[in-house]
Student: 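I am attaching a structure below and will ask some questions about it afterwards.
To find a chain, count down the sequence lines: A is the first, B the second, and so on, and within it residues start at 1. These numbers come from a predicted model, not from an experiment.
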Amino acid sequence: MRYFKLLGFSAVAGLLLAAQTARADEPVFGFVYTTDLLPKNQIEAEQWLTWKTEKAHGSFNLLEGRNEFSYGVSDNFQLSAIAIYDWTEARQNAVDGTTTPPEPFSAYFPAPNSRFNATQLIGVSLEGIYRVLSPYTDPVGFAVYFEPTFGNRFMEYETRAILQKNYFDDRLILAANFTWAPEIRFLPPDPYADPGSVESTRNTNIETDVNVGLAASYRFAPNWSAGWEFQNEREINGWAILARSQWMGNAYYTGPTIHYGGEHFFVTLTALEQLPWSNNYMGEPVILNGRDYDVDFEKVRVRLKLGWYF
Amino acid sequence: MRAEFFLLPAAALVIAGPVRAEVFLTVEQAQSLMFPGASFAKDFRTLSDAQAAAIEEASGANVRSRTLQAWRVSTGGWFIVDEVVGKHDFIPFALGLNADGSVKAVEILEYREAYGGEVRNPKWLAQFTGKKNGARLQLTDDIQNISGATLSSKHITDGVRRLLATYAAILANR
């Protein structure tokens, strides 16, 4: 509770001290990154809120908060310091009707029919983006992204290749992301697991996310852009992304995005819905009506990004 | 639901004011600055489809508006006002041409962007002086890029090249 107040008030204080000169890297998408970065020596604050809701049954909500302060080290290299904190509530939400917390709360084991409610600082991370090619001066924009995250019982290393191509005086933006993100969780014993199973003892869970994101956005009026995003997310057990026997889940999301960019402020809102095209390669009972409801998938995701330029 | 999650968005909505454009020069001020003591005869034109296509072909830049806002200068030459696409909004600018069609001056009239205001730098704008239709005028090649203001500098470069082609197709020898 104390750290939430600290994060909130420190960010608000920063806003109130914001200088008049505006600088920006500006995300026109909610889930897909572009190669646009902050100019050298410029600073920006971003606040993300991602709401994930609707599981197979019962009640489920996950609200992910992300505070981000970014700095332009050079015109082609941007660093960000990030704090991630989540709140969730779940009750009898899994396909089998048991209460199952979302992935960030994997170390919690509520009773199968209970109502689960928790808030947690998930971790802190450092994000770097290096632009190799600019979409404004090269045939296509290209950037590489890395983000190590460290949390309680959790580590993740997210890497991403970002491609961007602009058309119509740079008003139409097309972007593609390819993400590889291994994560490690150090889990306590699950009191409800089968005796003798791995989950019934202290264990280490390694999983790799491999995602593809595609998006298009058009600036239809001064300051306003609207577009569409598509995400394919694949979960792989362990590190071996090419070993088909280790593939777990595969889900697809798509939906609209709208963006307003002003002189000192921007806001981006994106709503995605999972398409009924999912697969669980391990045969686990997490699919219902074609949608994957494993711990890291849900039916609806809505992301709000707010940014301020210092 | 935790109230803390809504603290920052609420603060943002309170703090975020309307976008305020920064006007550097009015049209009249830009005219006086480029052609001191001259008078200006308004000579606006509407480009036909064929003329717009010819200008796009010659300049390689998109003709977004069919209205050509041009003034004939009493001391010789032309004064043209146009705009190019910026990151958020359009960037209005003025182009002064000598009687021989070469660039006398370029001035940014208004800038509403979050960044890239360095394109107002007189030394950067001076790179266009003396250029005529047919000059390549490509960013990073003939015209130096401004790091951190690439989009604005690219579009202004394209805009000047397009207006030089427009002058050659519409205004020259009139």
Student: Take atom NZ of A:K40 as the centre, draw a 6.0 Å sphere, and report whether it contains more than 12 heavy atoms from other residues, nucleotides or ligands.
Tutor: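 For A:K40, atom NZ is not crowded (no more than 12 foreign heavy atoms under 6.0 Å).
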
Student: Tell me if the CD atom of B:Q144 is crowded by more than 12 foreign heavy atoms within 6.0 Å.
Tutor: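 No, the 6.0 Å shell around CD holds no more than 12 heavy atoms from other groups.
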
Student: Who are the salt bridge (Lys or Arg N to Asp or Glu O under 4.0 Å) partners of A:D138, not counting sequence neighbours?
Tutor: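 Salt bridge (Lys or Arg N to Asp or Glu O under 4.0 Å) check on A:D138 returns nothing, list empty.
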
Student: Please classify the contact between B:S147 and chain A as side chain, backbone, both or neither, with a heavy-atom cut-off of under 4.5 Å.
Tutor: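 For B:S147, heavy atoms of backbone and side chain both lie under 4.5 Å from chain A.
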
Student: Might you confirm whether atom CZ of A:F168 has over 12 heavy atoms from other residues, nucleotides or ligands at distances under 6.0 Å?
Tutor: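 Not more than 12 within 6.0 Å, no.
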
Student: Looking only at heavy atoms, which of residues 79-87 of chain B get nearer than 4.5 Å to chain A?
Tutor: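 Answer by number: B:V85, B:G86, B:K87.
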
Student: I'd like to check the salt bridge (Lys or Arg N to Asp or Glu O under 4.0 Å) partners of A:R301; sequence neighbours left out, ordered by chain and number.
Tutor: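 A:R301: salt bridge (Lys or Arg N to Asp or Glu O under 4.0 Å) contacts with A:E233, A:E298.
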
Student: As an exercise, state the distance from CG of B:D141 to OG1 of A:T137, rounded to the nearest 0.5 Å.
Tutor: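 It comes to 12.0 Å.
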
Student: Please collect all side-chain hydrogen bond (donor to acceptor under 3.5 Å, both in side chains) contacts where either partner lies in residues 148-160 of chain B, sequence neighbours excluded, each pair once.
Tutor: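 As it turns out, the side-chain hydrogen bond (donor to acceptor under 3.5 Å, both in side chains) pairs with a partner in residues 148-160 of chain B, which skip direct neighbours, are A:D170-B:K154, A:D170-B:H155, B:Y111-B:S152, B:N145-B:T150, B:N145-B:S153, B:D158-B:R161.
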
